[in-house]
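Presented below is the structure to which this report refers.
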Amino acid sequence: MAAPPAALVAKVKKHFIGIPAPLGYVAGVGRGATGFTTRSDIGPARDANDVSDDRHAPPTKKKKKDEEEDDDEDLNDSNYDEFSGYGGSLFSKDPYDKDDEEADMIYEEIDKRMDEKRKEYREKRLKEELEKYRQERPKIQQQFSDLKRGLTMVSEDEWRNIPEVGDARNRKQRNPRAEKFTPLPDTVLSRSLGGESTSSIDSASGIMSQYPHGTVTPGMLTPSGDLDLRKMGQARNTLMNVKLNQVSDSVEGQTVVDPKGYLTDLHSMIPTYGGDINDIKKARLLLKSVRETNPNHPPAWIASARLEEVTGKIQAARNVIMKGCEDNPKSEDLWLEAARLQPPETAKAVIAQAVRHIPTSVRIWIKAADLESETKGKRKVYRKALEHIPNSVRLWKAAIELEDPEDARILLSRAVECCPTSVDLWLALARLETYENARKVLNKARENIPTDRQIWTTAAKLEEANGNINMVEKIIDRAISSLSANGVEINREQWIKEAIEAEKCGSVKTCQALIKAIIGYGIEDEDRKHTWMEDADSCASQLAYECARAIFSHSLAAFPSKKSIWLRAAYFEKNHGTRDSLETLLQKAVAHCPKSEVLWLMGAKSKWLAGDVPAARGILSLAFQANPNSEEIWLAAVKLESENSEFDRARRLLSKARASAPTPRVMMKSAKLEWCLNNLDTALQILEEALVKFPDYAKLWLMKGQIEEQQGDVDRAHETFNSALKKCPSSIPLWIWLARLDERRKMLTKARSVLEKGRLKNPHNPELWLEAIRIEFRAGMRDIANTMMAKALQECPNAGILWSEAIFLEARPQRKTKSVDALKKCEHDVNVLLAVSKLFWSERKLQKCREWFNRTVKIDPDFGDAWAYFYRFEVLHGTEEVQVDIKKRCIAAEPHHGEAWCIVSKNIDNWRLTTENVLMLVAKDLPIPI
C-alpha cells in the first residue's frame, strides 16, 4: 500500500494559533526583519488639520428618527476630563442665541491676539530652523557653487576639449538625410516677377493646375524684358566702386578716410538720447511755458538749451541760450552756458559780450582767460580783470601763477595791498622775499590778520630755517597768547596737525615747540597721561616721529617715575629711532626707575646686539646692585655668557643663582646648559635635585624624560613620565609625550588609553584631541580619525588647531566648504588662517595665497609656522626681494611658537641657531600642500 502524500499527514497544531498576540508584539523582530508599512498603517497622506476635500465623497446616509433619538451625549466617567470636561458638547441641542455668538467672537478675538503675540517668536524660530536645515542639508546648487566659480578659470581650449554628451536618439534620428537644394534658373524668377502663370500640383487632388503668380501693373517697376540677375550684381559693384572713389585720393589711390574719426562721425549722427520721444516733446513744451511765463528766469533757459543738446540739436540749443542772454544780460550762468555750447572762436565773442554786460564777474573773466590758448593772452585777460575787480583773491592767484618769480613778487606786493586779509597771498609773498623782507612782510600780515595761526607758524619756520633756534619757542608762545587775546579758540588737534605739517616740511624745532606749547592745553591733570599716550600713538601712525618723540619727552618730564611711559618710549625708539637714541633713553630710564628689570635688560641687549659685550656685562652688574636676587637678570647674564661661548662663567653664575635665588627656571636653565654641552649625567643630577624642591614644575619632568630617552633608556623615561603625570596631571605636553613614547614602542592601544585618560583629566582640551586624531591617522585608521574629529569639534567648537586639521582631512571638493565653516567659528585664529592660505596654495591661487599669508603674520607675528610657510611659498613662487623682505620681518618679529617651528628651535642640537637659521631649516622641511 502506498504511503499517503506529506500534505495529507496530520501535523501537530501550534499552541499559539487562535490566541491573540501579546502586547507590543511585532512580527519578525526576533529574526531581524523590520517589516514594512502600508498606507493603511499610516492613514491618508495629509495632515490631520487639513481641510477635507469632499468633492468626490460618497453621499452620507440619512439617519433614521430612532437613531437620532438614541444619539445622546456620552456622559460616562470615561469621557470626562478634569481640565477640559466632557468630550462632547453638553449643550449641542440648546438654541444658539446672540449671547453665544458674542462669547464665541470674544474668544476668537482673544485667540487672534494671543496668536499675534507669538507670531514674531514663531516666525523667528521657523527662520532659524530653516537656516539650520539649509546648513545641514545644502541644496545641490550650493554644494557645487565653488565648482561653478572655478569654471571662470577654464581656458577656451579646455572648453573645446570637453567631450560631447552621448546622443540617446536612434540611428535614423541621429543621421537624418541631408536636405538637397537645387538652384533655380533666372527664367523662373523673371516669370514670377512678370506675372506669368506657374504649374503646381494640388496637394489635395494631386492634379496639376495653373494659376497666376501676380497681377501685372504697368509702370516703372514692371520689368519690360528678361531680368538678368548677373548684370544687377555687376551694377551693384560698380555703384560701390563709385562711392569708394569719392573718398579716395585721386593721385595715389590711397584712402583718405580717418579710421578713428570715421566711427566717431557715424556715432555723432545717432541721437544720444535713448528715451521716449513723447517725453522730449512734453519737456520741451513745459520748458517753453516756463520761459514764456517768466523770461527773466535763467535756469529755464539753461534747462531748455541742455534738453536740445541732449537730443542732438546743438544749433537749436545755441539759439535758445543766446535768446536767453538777450533777455537776461546780467546772468553770468547764462553767459557761461552760452560760451560752453559755442565753438571756441565764437565763444570768445560771446564772453567779450558778457564782459561788457557784467564787468565784475570773476567767473566770466576766468572763462575768458581759459579760452585763450597762449600764456601772453591769458596774462592780458587777468590784468584787465584786475583793473575791474582789484579785490578778488582768486584772480590774483590765477594771475600770479602765470608769472615768473620776480614778476610774481611784484604782483604779490600789489595783491596784499588790495587784499590785505588773504593769508595765502601774505605767505606766498614771504616765501619769495629775502629773510629781512620776509620778517617785515609777516609782521605786516600779523597786523592785518591778528587771528590766523599760520602766519605765526610760518614766522617760526622762517627763524628756524635761518638758524635762530632760540626765537622759535618765543614766537610760538607769543602766538598762543596773542591768538587767545584776540578771542581765537585754541584747538589742540589743529595745532598738533600744524606740528605734523611742520615736521613734514623739515622744521623739527618748530614742530617740537608747537608740541611743547600745546600738549598740556585744556587737559585735566588726571587725564594727562592717557591723552598724551594716545597723541603719541596717533603721531607715530602718521609717520610724524619727531612729534611723537616730543610728546614722550614732555610726558617723561611730567611723570619721571612712571615705568610704563619709559617702556613705551623705549619701544618707540627701538622701532623708529637709532641705537644711540635708544641707549640714551634707557640710561635715563634706569636712573629714574632702577627697580624695573625690563629697562635694564633692554639696555644690556642693545649693547650685546651692537657687539659691545663688556658694556652689556657692566649694565647687568649695575642691574644686580639695584635688584640683588632678580631671576630675570640672573638668566640674562647667563644667556649673555653662554651666547658668547663663556660656558664656565655661565656655570658659575648659575651655581650662584641656585644658591641665592633657587627658582624652578634657574634650575631648569642650569640643567639645559649642561644638556646643551652634552653633559647628560650632570643635567640629570641637577634635575633630580630640582624635582625634590619643585615636584610640581612640569618642565623639569619633561626634560628628565627627554634626556633619558636620548640616552636610550626608554623604560626609565616611561616611568618618569608616569610619575610626572601623578604630580602634574594638568600638563598637556606630558600626556602628549607619553602617548608618543608609547606609539614609538609600537604600543598603539596604550597610547590611545593615555590620551583618553588625559582627556578625562583635562576636558575640552583641543591639543589632546588633535594628538589622538593624528595617532589614528598615522596608524592608517582614516575613518576613525574622521569620527574622532567630529567628536572633537563638538566638544571644542572654537578650537582653531582642530579646524585647521579638519580642513585637510576632508577630500579636495569639500575642503572649501570646511574652510568657510572654520572661518565662521574662528575668524581670527592664526591656525585657521594658515590652513586657508595653504588651501589657496594647493589650488594654485597664488595672489590670494600671498594675501592670506600676509594677514596671518600680521595677526600673530609670534607664530613661527606662518613665517616658515610664507617663506617657503615665496621661495617657490616669489622673487628674491620678497624673500629677503620676509626674512627681515621674521627676524624683527622673533617668533617662538608654532608646531613645526618648535620642533626645530627646541631641538637641543639647534640651541645656538639664530632666528634666520631656524626659519631656513623649518621652511626647507615643510611639505607643499596638495
Side-chain angles (χ1 to χ4, degrees), residues 574 601-602 604-613 616-617 620 632 634-651 653-654 665-666 668-680 682-683 686-687 699 702-703 705-707 709-711 733 736-737 740 830 834 853 856-857 860-876 878 880 882-928:
K574 181 182 176 183
L601 295 176
M602 284 181 74
K605 187 175 182 180
S606 177
K607 291 289 186 185
W608 171 44
L609 292 175
D612 194 353
V613 178
R617 285 183 185 139
L620 288 174
E632 293 290 339
W634 276 112
L635 295 178
V638 170
K639 186 177 181 181
L640 177 66
E641 300 300 343
S642 60
E643 291 287 343
N644 289 283
S645 302
E646 297 284 350
F647 302 124
D648 292 332
R649 298 184 70 164
R651 279 197 186 100
L653 283 170
L654 283 168
R665 281 189 69 203
V666 170
M668 184 186 71
K669 292 291 182 183
S670 304
K672 188 176 180 182
L673 179 64
E674 300 298 339
W675 188 11
C676 294
L677 299 175
N678 209 21
N679 299 326
L680 302 183
T682 311
I686 294 171
L687 286 170
K699 286 187 178 181
L702 198 59
M703 285 175 67
Q706 289 170 353
I707 292 172
E709 188 180 357
Q710 185 179 337
Q711 288 178 329
I736 293 173
W737 268 96
R740 287 178 183 172
V830 284
L834 178 59
F853 271 132
T856 308
V857 297
D860 187 4
D862 196 49
F863 188 54
D865 286 9
W867 288 109
Y869 270 105
F870 197 4
Y871 183 74
R872 172 82 166 154
F873 170 78
E874 292 298 345
V875 165
L876 294 174
E880 193 173 344
V882 179
Q883 295 166 23
V884 171
D885 178 56
I886 291 170
K887 204 182 292 182
K888 285 182 181 175
R889 287 164 61 191
C890 179
I891 292 167
E894 292 185 4
H896 295 95
H897 296 95
E899 187 177 1
W901 185 271
C902 289
I903 289 171
V904 175
S905 65
K906 296 202 173 182
N907 189 341
I908 207 66
D909 297 329
N910 303 329
W911 71 285
R912 299 192 70 180
L913 292 184
T914 60
T915 304
E916 181 180 356
N917 297 332
V918 174
L919 174 68
M920 308 289 278
L921 281 175
V922 176
K924 186 179 71 173
D925 296 333
L926 286 177
I928 298 172

What distance do [X] atom [atom1] and [Y] atom [atom2] have between them, rounded to the nearest 0.5 Å?
| X | Y | atom1 | atom2 | result |
| --- | --- | --- | --- | --- |
| N907 | I903 | CG | CD1 | 9.5 Å |
| D909 | C676 | CG | SG | 9.0 Å |
| T856 | D865 | OG1 | CG | 11.0 Å |
| L834 | D860 | CG | CG | 11.0 Å |
| F647 | L654 | CZ | CG | 12.5 Å |
| K699 | K669 | NZ | NZ | 8.0 Å |

Without hydrogens or angle criteria, can the side chains of E709 and W737 be said to hold a donor-acceptor pair below 3.5 Å?
no
What class does the angle between the rings of F853 and F873 fall in, given that below 30° is parallel, 30 to 60° is tilted and above 60° is perpendicular?
tilted
Please give me the minimum heavy-atom distance between [X] and [Y], naming the atom from each residue.
| X | Y | value |
| --- | --- | --- |
| L673 | A650 | CD2-CB, 4.0 Å |
| Q883 | V875 | NE2-CA, 3.4 Å |
| G898 | F863 | CA-CE1, 3.8 Å |
| E894 | D862 | O-OD1, 3.5 Å |
| I886 | E874 | CD1-CG, 3.1 Å |
| P895 | C890 | CD-O, 3.3 Å |

Please answer whether the main-chain N or O of P861 pairs with a side-chain N or O of W867 as donor and acceptor at a distance below 3.5 Å.
yes
Does the S606 side chain pair with the main chain of M602, one donor and one acceptor, at a distance under 3.5 Å?
no
I'd like to know whether R651 forms a salt bridge (Lys or Arg N to Asp or Glu O under 4.0 Å) with D648, so could you lay out the CA-CA distance, the side-chain angles of the two residues, the decisive distance to 0.1 Å, and finally the verdict.
CA-CA 5 Å; R651 279 197 186 100; D648 292 332; 3.4 Å; yes
Atom NZ of K574 with >12 non-hydrogen neighbours under 6.0 angstrom:
no
Which is it for E880 and K887 under the salt bridge (Lys or Arg N to Asp or Glu O under 4.0 Å) test, yes or no, and what are the steps along the way?
CA-CA 11 Å; E880 193 173 344; K887 204 182 292 182; over 6 Å; no
Would you call K639 and E632 a salt bridge, using N to O less than 4.0 angstrom?
no
Who passes side chain to side chain donor-acceptor pair (under 3.5 Å) against R649, sequence neighbours left out?
none
Per-pair distances, 0.1 Å, donor-acceptor, side chain in residues 914-928, under 3.5 Å, sequence neighbours excluded:
residue : atom : partner : partner atom : Å
T914    : OG1  : N917    : N            : 3.4
T914    : OG1  : N917    : ND2          : 3.1

